[in-house]
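Below, chain A is the first sequence line, B the second, and so on; all start at residue 1.
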2 protein chains.
Amino acid sequence: MRKRILIVDDEKNIVDILKFNLKKESFDTLEAYDGRTALEIAEREKPDLILLDVMLPEMDGFTVCRKLRQTMQTPILMLTAREEEVDKVLGLELGADDYITKPFSPRELMARVKANLRRAVDDVVPQQKNEVLRCADLEIDINRYEVKRAGEIIELTLREFELVKFLALQRGQIFSRETLLEKVWGYEYFGDVRTVDVTVRRLREKLERDPSKPVYILTKRGVGYYFNSVK
Amino acid sequence: MRKRILIVDDEKNIVDILKFNLKKESFDTLEAYDGRTALEIAEREKPDLILLDVMLPEMDGFTVCRKLRQTMQTPILMLTAREEEVDKVLGLELGADDYITKPFSPRELMARVKANLRRAVDDVVPQQKNEVLRCADLEIDINRYEVKRAGEIIELTLREFELVKFLALQRGQIFSRETLLEKVWGYEYFGDVRTVDVTVRRLREKLERDPSKPVYILTKRGVGYYFNSVK
DNA sequence: TTTTCTGTTGATTAATTCTTAATAATTATG
DNA sequence: CATAATTATTAAGAATTAATCAACAGAAAA
């Protein structure tokens, strides 16, 4: 089911770019160029999420947001031009779910749209996540940031934990060092790929019975690392 | 397949530095020294990624970026001299995917180029499907870099795997040693064609029940090698 | 401050890959 | 049919590349 996003902004070219990016990620879009129309369309079309600019003719974004909240709990993501408006946006009486200040990158925008859609789904159908991953005799407790081997707690640092968690969540899947740097270390982080090797080694030192003959975190030479998929 | 990067900058020595670094990591490069030419080349050559300086003669980087976005969604990485430009670069109205401020480290540059290329691919092919080629009792798991014969895992080196994968993907099709060198080893490779023979031999050693009477990878004398096409 | 965590670097070890050359098989030619 | 020429197979060693490991230094946390 394709999600439908209502874009509300009076600047045509902003709407266009938003539309372009949303379509690229296969969302359907609706448009409104003033507050009054926005309310009408939202009412009639029941979009899955609303992107709402603060500065609007006819009726400003704050008012639109407040009114929308009276009838529907569709996620609302507010677009603000200035930092100072942020407080107001996040104000409880408004009920916006998230905000993003201009200028923003397409990537950030899409990330927030997706995050809010996800959250909306979770609220309706609370996702019961398996908080403890079990792989062989290893237990990885996502919430407690704790790893046990055969019942024994193994102390890991944050980075080590994040790495083993990431690999274990998708075990069998091989990840290149570059991908791990991006996914585990974070998008904005651009370090040396050797860093991954060193962290893997430290992890093995703690996790494995014989670090030189790893059983959990394995190397695919020339490709990357992965969590053992058997059992 | 080698990725092609279009470099757009009016300073020759910046272009050279970029080119040097990209070539070192085996990217192919295209160059443009002004905005107008950049658009032409981008249009004609469809590069995989564009490195775009903000300050340009003929047409500034912002305009070039905006124009490019109208026709293609090639990742655009903007080069900016000053921090203040960053806001503008990331501005939604532009549609640039990423930016990097001068002066930049080669490492950061390469990391960003690779990250954006990877992301572009991910966008096209969202989730990796479990691609497993089956040929007779051989299973070739593309994602896991794994080959099984009658359920038994056969350990292959990366090159061996790439070769059998390539042949199996187009089984029946005969490839000359030259073609294999080009497709499996890479464009830039100018090695001895005997290298292919040796790799085939080692592959048979592991794959075949009787390496001297191969069943999977066959020789067409005077032509080349192919993967057995009969079921 | 002291301790712990992280990222970096370089040496060492291990594995892969390429090259060479001798040998075997096949095809062409007299 | 015999022999030469071509082409492929095989083995072995050298060169290259990748991964591991150890040690250090700066940053962050206690």
Calculate the interatomic distance between B/Asp197 atom CG and C/dA22 atom C1'; express it in whole Å. 15 Å
Presence of salt bridge, B/Lys3 and B/Asp28, under 4.0 angstrom: no
Nearest-Å distance for atom pair CZ/C1', residues B/Arg194 and C/dA22: 13 Å
Ion pair present between A/Glu160 and A/Arg202, side-chain N to carboxylate O less than 4.0 angstrom? no
Taken to the nearest whole Å, OH/B/Tyr145 to P/C/dT16 is 15 Å
Show the distances under 3.5 angstrom between N or O atoms of the protein and N or O atoms of nucleotides 1-6 of chain C.
{"from": "C/dT6", "atom 1": "OP1", "to": "A/Arg159", "atom 2": "N", "distance (Å)": "3.4"}
{"from": "C/dT6", "atom 1": "OP2", "to": "A/Thr157", "atom 2": "OG1", "distance (Å)": "2.5"}

Between B/Ile7 and the options B/Leu22, B/Leu52, B/Leu30, the side chain to side chain contact (heavy atoms under 4.5 Å, CB included) test singles out B/Leu22
Tightest non-hydrogen contact, residues B/Val147 and B/Leu207, listed as CG1-CD1, 4.1 Å
Could you list the residues that satisfy ring pair (Phe, Tyr, Trp, His ring centres under 6.0 Å) with A/Phe27, not counting sequence neighbours? none
Touch class at under 4.0 angstrom, heavy-atom based, for B/Tyr225 against every strand present: sugar-phosphate
Reading DNA chain D 5' to 3', which nucleotide is the first, and which the last, to come under 4.0 Å of any heavy atom in chain A? D/dA18 to D/dA23
State which of C/dT16, C/dT20, C/dT8 makes the closest approach to the side chain of A/Arg221. C/dT16
Pairing of B/Lys213 and B/Glu208 as salt bridge, 4.0 angstrom limit: no
Is a salt bridge present between B/Arg118 and A/Glu182, judged by a nitrogen-to-oxygen distance below 4.0 Å? yes
Take the protein atom CZ of A/Arg201 and the nucleotide atom P of C/dA14, then report the distance between them rounded to whole Å. 15 Å
Aromatic contact between B/Phe166 and B/Phe175, with the criterion being ring centroids under 6.0 Å apart: yes or no? yes
With sugar-phosphate meaning primed atoms plus P, OP1 and OP2, does A/Val200 contact a base, only sugar-phosphate, or nothing at under 4.0 Å between heavy atoms? nothing
